[in-house]
Amino acid sequence: MKKMISIMALGASAATTGCVNVTAPDKPIEINLNINVTQEVVYRLDGEAKKLIQQNQDIF
């Protein structure tokens with residue numbers, strides 16, 4: 001019986017001792033993102049369109 005009482009007392013004291021504090025930081029949070037975006041464009045021309053461009057090179 002004494003063991004049971006001491007275990008209960010220990011459990012009760014452990015349950016009441018914990019405390020959690022949450023505070024905001026003094027400095028603002030800084031997030032650095034290093035992003036590298038690479039784009040590759042692949043195009044195909046129709047045979048007739050290719051001939052038209054070669055005949056009229058000054059249109060572009």
Side-chain angles (χ1 to χ4, degrees):
M1 185 74 170
K2 288 182 182 181
K3 268 188 172 180
M4 179 82 92
I5 293 172
S6 63
I7 291 173
M8 292 175 93
L10 181 63
S13 66
T16 59
T17 59
C19 182
V20 177
N21 291 328
V22 178
T23 58
D26 295 338
K27 297 178 182 177
I29 298 171
E30 186 175 322
I31 300 172
N32 293 322
L33 299 175
N34 294 324
I35 299 174
N36 185 5
V37 178
T38 304
Q39 181 178 358
E40 183 177 329
V41 178
V42 178
Y43 67 93
R44 293 185 202 137
L45 287 177
D46 184 45
E48 291 181 26
K50 196 172 190 178
K51 287 179 189 177
L52 183 62
I53 291 173
Q54 287 175 349
Q55 290 172 358
N56 300 311
Q57 292 181 3
D58 59 339
I59 62 172
F60 291 107

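Numbers for residues simply follow the sequence, beginning at 1.
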How long is the gap from [atom1] on [X] to [atom2] on [Y], to the nearest 0.5 Å?
X: Asp58; Y: Ile53; atom1: CG; atom2: CD1; result: 12.0 Å
X: Thr38; Y: Asn36; atom1: OG1; atom2: CG; result: 4.5 Å
X: Gln57; Y: Leu52; atom1: CD; atom2: CG; result: 11.5 Å

Connected-component partners of Val41 among ILVMFWY, side-chain separation under 4.5 Å: none
